[in-house]
There are 2 protein chains.
Amino acid sequence: MTEYVGTATPVGSAYVARTPGVNVSSATVRSDMVALERDGYLVQPHTSAGRIPTDKGYRFFVDHLAPAGILGTPQRQRVKRFFDRVHGEMEDMLERASTLLSELTPYAAVVVSPSHGSATVRSVQLVSLAPRLVLLVVVLSDGAVEKRTLELDEGLSEEELGRLSTRLVQGLVGCDLDGAAELVPDAGGASSTFLESVGRALHEIARAEESDQVYLGGPSRLAEAFDAVETVRSVLSILEQQLVVVTLLRDVLDRGLSVAIGTEHGFEPLASCAVVVAPVSVGDNETGAVGLLGPTRMNYPQALAAAHVVSSELSERMNDAFGHHRGGDRGGH
Amino acid sequence: MTEYVGTATPVGSAYVARTPGVNVSSATVRSDMVALERDGYLVQPHTSAGRIPTDKGYRFFVDHLAPAGILGTPQRQRVKRFFDRVHGEMEDMLERASTLLSELTPYAAVVVSPSHGSATVRSVQLVSLAPRLVLLVVVLSDGAVEKRTLELDEGLSEEELGRLSTRLVQGLVGCDLDGAAELVPDAGGASSTFLESVGRALHEIARAEESDQVYLGGPSRLAEAFDAVETVRSVLSILEQQLVVVTLLRDVLDRGLSVAIGTEHGFEPLASCAVVVAPVSVGDNETGAVGLLGPTRMNYPQALAAAHVVSSELSERMNDAFGHHRGGDRGGH
DNA sequence: ACTGGCAGTCGGTAGAATCAAGTGCCAGTT
DNA sequence: AACTGGCACTTGATTCTACCGACTGCCAGT
């Protein structure tokens, strides 16, 4: 009987009784409903309107009788096409994946990039841009590239830069970022103030790499999902704070959930929302995530299916690219 | 008399007459208003409600009697602090500038990064990530760094990569991207299929560099500015299409405008919006832009002031960093 | 050229009446 | 014991009406 919770909004006993598959009269449905309401799975917004599920009701639905969501074939094809065609770099893929996900569903999508935690330095290069301007380019073992401009007091010749680059590469390859940052100033010598600024830059980079990138897909979907403009505004303004989003998703995942309904994540301002999450794992640890954000009355099977497809495809792609050489083997020498 | 157009919404003759500085009676105001309405500067939504300005009215306002907007001191300080503190890279700065701009006003902000048009290749590097995985890292003269992963059929040793890198650097530094992409396959020799893929990657990069990056700041501001949720949705969904945004802004700038009200930009879906734009010029050509998007009844002086401050500060910063070595001098050798 | 006065127009709001959906309960049936 | 049909009742939505208030247009008067 409760199967009919997941679909729509305020629904009355007569409607349920009329539904094919339910061969009882509205009166019976009614008495069941009072039971469900007593137990907190349903509420009626006001006497004599249909009942709507409570958060608890949705929770029961997703836990016990969610009809293992399946994506429609057109949507499956869309996903397939997308992942067949991805060509660019990871950042690009994640960004576009967030859009994809939002287009597979009527909800807003979020993608949190896996953090580079254990990545090591693979290359360090100094490139002169202008007389007193040098660009520090760092390549990490997971394929991430970071750069930072350095301003110098005295000019440095190309050769000096080349020498320094070589020295840095030799000294730092294989370290993790923090280690590298610590190491640099010691490599000292002639232009040590310059090396100090390299060290600072490396620290900055290390910090930047820690903070995960968040990609927001299809924010306009929020304006479809909620009809109170004020709700839209507040949810949007929360999504603008990327840190909050990351924390939220990670928190939900850490608690072993893939769905957080209403107040289940302890985050007050999103009480009218539900969040569907799926981890993106690269190597053996789950550090990234994809998420969907919609009203509590969302289509959970669909959302779960979409999130899972995208997250697993993403994981696969990322492992193909960078994952398999994590646990030991790392290139040829 | 018309000074009172810019401020609020439906306003009647009595209100205007009461306004300090207007020493005429409501009857006089009324007769002036019929004139203004006849000429198309005002409309009344229905008989006997106040009048509201038409797009033409707003246009007249911004063109002829906009009270040269000045930012409040707290806001000026905010801008100052922001630009004193910027430290990261350009992308970062632009992204955060879009947020800043949206926070200086109650409108959504857009920042379009200056395109790298005439940038030349400054460095090319091949970094091995895994046995058959190589990362191509290209540094451009304007400080942009692009990367692309290449999958190989056969493994290449570090030394071979090093040799290739050196060869590429020597051959390509100073070319623009397209030139470089053309040049590569010719440098041929042993592993020419590999070089071909490098060439393809360079082409991709060249294409990627052409398409300007768009940063959207404070989308939630749209939900404040419009009270019809449907409007919010449609405007948001337009902002999701970055290409449209770029085209729109550029088009407005090309027509020598800094404000486009209602249908002035020929873009139907944004007929209920006004756009305020300011160019960001690096070197001598204006290629970037900042913009504000709000309802036609926006506070134009404020918006203009904010956009101008941010755009000029951005221009300055970007010229400091990369602009001054554009027209000739390019580094030390 | 401006003003005060006055009739007229409408949109918005409050209140009453009506409607329709849905409930709770109960006696009756299987 | 479970289910059903019937019925009185509640209550949010809808519609209608009357009314109020905010304006306007116009005009005669300074």
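Residue numbers start from 1 in every chain, and the chains themselves are labelled A, B, ... in the order their sequence lines are given, proteins ahead of strands. Side chains are part of it too, since the values below use all heavy atoms of this structure and drop only hydrogens, waters and symmetry mates.
- For A/K80, the salt bridge (charged side-chain N to carboxylate O under 4.0 Å, His left out) test picks out A/D84, with sequence neighbours left out.
- Judged by Watson-Crick or G-U wobble contacts below 3.5 Å, the nucleotide D/dT30 has C/dA1 as its partner.
- Listed by chain and residue number, B/F60 satisfy the ring-ring contact (aromatic ring centres under 6.0 Å, His included) test with B/H64 (two or more places apart in sequence, or in another chain).
- In this structure, B/H46 places its NE2 atom 16 Å from P of D/dG21, rounding to the nearest Å.
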Taking only N/O atoms, report every protein-nucleotides 22-25 of chain D pair under 3.5 Å with atom names and distance.
| unit_1 | atom_1 | unit_2 | atom_2 | d |
| --- | --- | --- | --- | --- |
| D/dA22 | N3 | B/S48 | OG | 2.8 |
| D/dC23 | O4' | B/S48 | OG | 3.3 |
| D/dC23 | O2 | B/S48 | OG | 2.7 |
| D/dT24 | OP1 | B/S13 | N | 3.4 |
| D/dT24 | OP1 | B/R51 | NH1 | 3.4 |
| D/dT24 | OP2 | B/S13 | N | 3.4 |
| D/dT24 | OP2 | B/S13 | OG | 2.4 |
| D/dG25 | OP1 | B/R51 | NH2 | 2.7 |
| D/dG25 | N7 | B/R30 | NE | 3.2 |
| D/dG25 | O6 | B/R30 | NH2 | 3.3 |

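- With sequence neighbours excluded, the residues that form a side-chain contact (heavy atoms from CB on, under 4.5 Å) with A/T247 are A/L243.
- The footprint of chain A on DNA chain C, defined by a heavy-atom cutoff below 4.0 Å, extends from C/dA21 to C/dC25.
- Under the rule for a side-chain contact (heavy atoms from CB on, under 4.5 Å), the partners of A/A109 that lie at least two apart in sequence or sit in another chain are A/L101, A/S102, A/L292.
- For B/A305, the side-chain contact (heavy atoms from CB on, under 4.5 Å) partners two or more places apart in sequence, or in a different chain, are B/L71.
- Under the side-chain hydrogen bond (donor to acceptor under 3.5 Å, both in side chains) criterion, the residue pairs touching residues 248-271 of chain B are B/R59-B/E264, with sequence neighbours excluded.
- Between A/L270 and the choices A/V244, A/T231, A/L239, A/I238, the side chain to side chain contact (heavy atoms under 4.5 Å, CB included) rule is met once, by A/I238.
- Partners of B/S26 by side-chain contact (heavy atoms from CB on, under 4.5 Å), not counting sequence neighbours, listed by chain and number: B/S13, B/A17, B/R30.
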